[in-house]
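What you see is a predicted model, and the numbers here were worked out from it, not measured in a lab.
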Amino acid sequence: MNDIIILPGIGGSGETHWQTHWERLDPGIRRFQPSDWDRPNLQDWVVALDSAIASAGEPPLLVAHSLACLLVAHWQKASVLPVAGAFLVAVPDPASPAFPAEAAGFAAVPAERFRFPSLVVASSNDPFGSVGYAQMRAAQWGSSLVEVGALGHINGRSGLGDWPEGHALFRSFVAGAAHESASLAVNG
C-alpha cells in the first residue's frame, strides 16, 4: 500500500480526533508538520506538505481534514510531485462566518481539477461548510462526493473515536484510486 500522510486542519487534530486514532492504529501513517498548527501560514503549510510528499517512498495517499482540504487544492496548483489520491473530509467554506480569521490566507481556493483521484466527505450539519459547498468543490476538483449524515465537523467533538465508517470509506477510496491509476497507466 502507498504511504499515508495525515493532514490535520487548524489546531492539529487533537487526541480524540479520528485522524489521531488512525495514526495510532497504523504506525506507517505519518503526519505532515507545518511550523504552526494554530496560526496557519499557507506558504509554510504548502512547503511542509511538499516536503512530506517528497520524502515518501512512492506517491502517497493524503488524508486531509478541514483546512487541510483547502491546503491540498493550493498545494496541487503549486507542486508537480505525484500523489496517489486525496481523501478530503469536512471541506470548510472560507465565506462561512465560522471560518477562522487566522486561516484567511487559505481563502482564495483554487477551483482547478485535481490531477489525482480524490474523494470529498461531507456532513449535513457541518458548521464550517454546507453540503452544497462540498458539492461545488467536488465538482470543481473532479472529486467524488460522499455525504455521511449529521456528523458535525467530523472531528473530535463529533465523538467518532477511530471512525470505522470513515475508515471503510477510505479503504474503498484507496481501492478505487488504485484502479483509476492503473487504468490511466494502461490507457495513457
In the structure I gave you, are the side-chain heavy atoms of [X] and [Y] within less than 4.5 Å of one another anywhere?
{"X": "Trp45", "Y": "Trp37", "answer": "yes"}
{"X": "Arg30", "Y": "Ser55", "answer": "yes"}
{"X": "Arg113", "Y": "Trp141", "answer": "no"}
{"X": "His65", "Y": "Leu7", "answer": "no"}
{"X": "Trp163", "Y": "Ile154", "answer": "yes"}
{"X": "Trp18", "Y": "Leu160", "answer": "yes"}
{"X": "Val63", "Y": "Ile4", "answer": "yes"}
{"X": "Phe173", "Y": "Val146", "answer": "no"}

Show the nearest heavy-atom pair for residues [X] and [Y], with the distance to one decimal.
{"X": "Asn41", "Y": "Gln43", "answer": "OD1-N, 3.1 Å"}
{"X": "Ile29", "Y": "Glu23", "answer": "CG2-CG, 3.8 Å"}
{"X": "Asn125", "Y": "Gly152", "answer": "OD1-N, 2.7 Å"}
{"X": "Ser66", "Y": "Pro92", "answer": "O-CD, 3.2 Å"}
{"X": "Arg137", "Y": "Pro110", "answer": "NH1-O, 3.8 Å"}
{"X": "Pro82", "Y": "Pro60", "answer": "O-CD, 3.7 Å"}

So how far is it from Leu71 CG to Gln76 CD, rounded to the nearest 0.5 Å? 11.0 Å

Spatial distance of atom CD (Gln33) from atom CG (Asp44) [nearest 0.5 Å]: 10.5 Å

CZ of Arg24: more than 12 outside heavy atoms within 6.0 angstrom? yes

Can we call the ring centroids of His167 and Trp22 under 6.0 Å apart? yes

Strictly under 6.0 Å, is that where the ring centroids of Phe106 and Trp75 end up? no

Taking [Y] as the starting point, is it possible to reach [X] by hopping between hydrophobic residues whose side chains are less than 4.5 Å apart?
{"X": "Phe128", "Y": "Val148", "value": "no"}
{"X": "Phe99", "Y": "Met136", "value": "yes"}
{"X": "Val72", "Y": "Leu81", "value": "yes"}
{"X": "Val47", "Y": "Leu42", "value": "no"}

Under 3.5 Å: donor-acceptor pair, side chain of [X], backbone of [Y]:
{"X": "Ser13", "Y": "Gln19", "result": "no"}
{"X": "Thr20", "Y": "Gly14", "result": "yes"}
{"X": "Ser143", "Y": "Leu119", "result": "no"}
{"X": "Asp3", "Y": "Gly57", "result": "yes"}
{"X": "Asn2", "Y": "Pro59", "result": "yes"}
{"X": "Ser158", "Y": "Leu151", "result": "yes"}

List the steps and the verdict of side chain to side chain contact (heavy atoms under 4.5 Å, CB included) for Gln135 and Glu147. CA-CA 9 Å; Gln135 290 168 336; Glu147 296 176 36; 3.3 Å; yes

Verdict with reasoning, Phe170 to Leu61, per side chain to side chain contact (heavy atoms under 4.5 Å, CB included): CA-CA 10 Å; Phe170 177 66; Leu61 292 156; 4.2 Å; yes

Test log, rule side chain to side chain contact (heavy atoms under 4.5 Å, CB included), inputs Leu62 and Leu49: CA-CA 10 Å; Leu62 308 178; Leu49 178 53; 4.2 Å; yes

Among Ile53, Asp50, Ile5, side chain to side chain contact (heavy atoms under 4.5 Å, CB included) partner for Phe32: Ile5

Might you work through the side chain to side chain contact (heavy atoms under 4.5 Å, CB included) test for Val121 and Phe87, ending with a clear yes or no? CA-CA 8 Å; Val121 179; Phe87 187 73; 3.9 Å; yes

Does the side chain of Asp126 come under 3.5 Å of the side chain of His153 through a donor N or O and an acceptor N or O? yes

Have Glu112 and Gln140 got a donor and an acceptor in their side chains that come within less than 3.5 Å? no

